[in-house]
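Report on the following structure.
Both ligands and their constituent atoms are indexed starting at 1 by order of listing.
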Amino acid sequence: MRIDIVTIFPEFFSVLDVSLLGRARESGLIELAVHDLRDFTRDRHRTVDDTPYGGGAGMVMKPEPWGEALDSILDTESIVIFPSPAGELFTQATAQELASEKHLVFGCGRYEGIDERVVEYAATRARVRLMSMGDYVLNGGEVAAMAMIEAVGRLIPGVIGNPQSLVEESHSDGLLEYPSYTKPAQWRGLEVPPVLLSGHHGAIAAWRREQQLERTRRIRPDLLD
Ligand SMILES: CC(C)N1CCN(Cc2ccc(Cn3ccc4ccc(-c5n[nH]c(N)c5C#N)cc43)cc2)CC1
């Protein structure tokens, strides 16, 4: 998979050089490039924003640099993802979908957002999706893009050492995950549930499933609708 990111804060993504995704890049499983939107400006101040037509607070990102940047990146197999408060909710199912794509392009806006014509233009060149992390307000798209890249990247075969850990994780079966424990068996007066020490795999599996259901009912009943 190839991932391209367009942002005015390219240094934000330097963390992607380390950890799992860093190793996935070294092994060639993921090819990633970060592009500074200001490199696609034509004025000496490298301007990327201007006041909104129709008035209103804040600034809007100008379309010209975005058009130049996208023209240098897009191909027929690209899907462009614009993080946006107005986007569809990004979920584990979305991550699963995107993990099978060949080329993801993340357009990270700032200020009050990107001129809408950029989304319209991108849609003439590639598939486009606006994605939201949830009903709260961020200052830009970079945090959202980072979260999506991690959620998608870890699903690519070979990126996670033990693929079995992808099978049982939260939301993969629509439920929250069961609680986990490790040594020591007693810690500060707190015990590990005895069933987990029983070696009875059937009872352990049943207990874990019940824990998932109980947690989901209690914390995220919406997942059971
Ligand atoms: C009336 C008029 C002046 N108001 C103009 C601001 N509107 C909302 C507004 C508020 C802040 C931002 C800052 N921002 C810039 C790019 C950008 C990308 C993603 C997100 C983002 N926020 N929350 C998420 N889950 C996100 C995701 N994914 C936020 C972004 C962009 C847009 C509300 C209306």
Side-chain angles (χ1 to χ4, degrees), residues 1-16 21 30 32-41 45-74 78-99 101 103-123 125-155 170-171 176 219-220 222-223:
M1 174 184 287
R2 178 172 173 87
I3 299 175
D4 285 282
I5 304 166
V6 181
T7 172
I8 60 170
F9 295 122
E11 66 279 6
F12 184 93
F13 294 94
S14 53
V15 73
L16 290 177
L21 292 188
I30 295 175
L32 185 134
V34 184
H35 309 269
D36 185 342
L37 183 68
R38 294 190 192 278
D39 291 345
F40 297 92
T41 57
H45 296 298
R46 294 162 58 89
T47 308
V48 293
D49 65 307
D50 205 333
T51 54
Y53 277 122
M59 303 292 273
V60 174
M61 298 192 94
K62 295 171 59 61
E64 300 96 324
W66 280 100
E68 303 276 336
L70 293 174
D71 283 349
S72 74
I73 294 168
L74 294 183
S78 308
I79 179 166
V80 186
I81 297 151
F82 289 106
S84 168
E88 61 182 289
L89 185 64
F90 181 84
T91 66
Q92 188 67 15
T94 320
Q96 293 282 2
E97 280 173 50
L98 295 178
E101 291 287 346
H103 185 207
L104 303 182
V105 178
F106 288 90
C108 299
R110 278 275 155 171
Y111 307 102
E112 302 298 330
I114 303 170
D115 185 301
E116 188 65 18
R117 290 169 294 179
V118 173
V119 176
E120 292 170 32
Y121 173 73
R125 300 284 311 272
R127 291 164 294 150
V128 173
R129 294 179 74 172
L130 273 61
M131 290 284 171
S132 170
M133 291 291 104
D135 294 335
Y136 48 87
V137 180
L138 301 171
N139 288 332
E142 286 80 9
V143 167
M146 185 75 82
M148 288 187 267
I149 289 167
E150 178 153 312
V152 172
R154 64 195 303 277
L155 297 177
S170 272
H171 303 288
L176 298 185
I219 301 168
R220 288 291 306 277
D222 58 294
L223 294 177

Task: Interatomic distance, Arg117 atom CZ to Trp66 atom CH2 [nearest 0.5 angstrom] - done: 15.0 Å

- [ ] Closest by any non-hydrogen atom to atom 32 (C) of ligand 1: pick that one out of Gly140, Pro85, Cys108.
- [x] Pro85

Task: Distance in Å, Leu74 CG paired with Asp4 CG, rounded so as to fall on 0.5 Å steps - done: 8.5 Å

Task: Atom pair CG/CE of Leu155 and Met1 - distance to nearest 0.5 Å - done: 9.0 Å

Open item on the list: Can you report which non-hydrogen protein atom sits closest to atom 22 (N) of ligand 1, along with the distance?
Closed with: Leu138 N, 3.0 Å

Task: Test side-chain contact (heavy atoms from CB on, under 4.5 Å) applied to Met133 and Met148, step by step - done: CA-CA 9 Å; Met133 291 291 104; Met148 288 187 267; 3.3 Å; yes

Open item on the list: Tell me if a side-chain donor or acceptor on Thr47 pairs with a main-chain N or O of Asp49 at a distance below 3.5 Å.
Closed with: no

Task: Asp71 versus Tyr121, side-chain donor and acceptor atoms under 3.5 Å - done: yes

Open item on the list: Could you work out, for atom 14 (N) of ligand 1, the closest of Tyr111, Phe82, Tyr136 by heavy-atom distance?
Closed with: Tyr111

- [ ] Ignoring hydrogens, tell whether any protein atom lies closer than 4.0 Å to atom 1 (C) of ligand 1; use the non-hydrogen atoms only.
- [x] no

Open item on the list: Does only the side chain of Pro83 get under 4.0 Å from ligand 1, or the backbone, or both, or neither? Count heavy atoms.
Closed with: both

Task: Shortest protein contact, atom 10 (C) of ligand 1 (heavy atom only) - done: Val137 CG1, 3.5 Å

Task: Enumerated ligand 1 atoms positioned under 4.0 Å from heavy atoms of Gly134 - done: 25 (N)

Task: Identity and separation of the nearest protein heavy atom to atom 3 (C) of ligand 1 - done: Ala57 O, 4.1 Å

TODO: State the CD1-CG distance between Ile149 and Leu32, to the nearest 0.5 angstrom.
DONE: 6.0 Å

TODO: Find all atoms of ligand 1 within a distance of less than 4.0 Å from any non-hydrogen atom belonging to Ser132, and give their numbers and elements.
DONE: 25 (N), 28 (N)

Open item on the list: Is it the case that ligand 1 has an N or O less than 3.5 angstrom from some N or O of Met133?
Closed with: yes

Open item on the list: Is it the case that atom CD in Glu150 sees more than 12 heavy atoms from other parts of the structure closer than 6.0 Å?
Closed with: no

Open item on the list: Contact between Val48 and Phe40 at the side-chain level, heavy atoms closer than 4.5 Å - yes or no?
Closed with: no

Task: Nearest protein heavy atom under 4.0 Å from atom 30 (C) of ligand 1, yes or no - done: yes

Open item on the list: Residue-level breakdown please: for Asn139 versus ligand 1, do any non-hydrogen atoms fall below 4.0 Å on the side chain, on the backbone, on both, or on neither?
Closed with: backbone

Task: Closest to atom 28 (N) of ligand 1 among Glu112, Met61, Met131 (heavy-atom distance) - done: Met131

Task: Region of Pro52 engaging ligand 1 - heavy atom pairs below 4.0 Å - done: neither

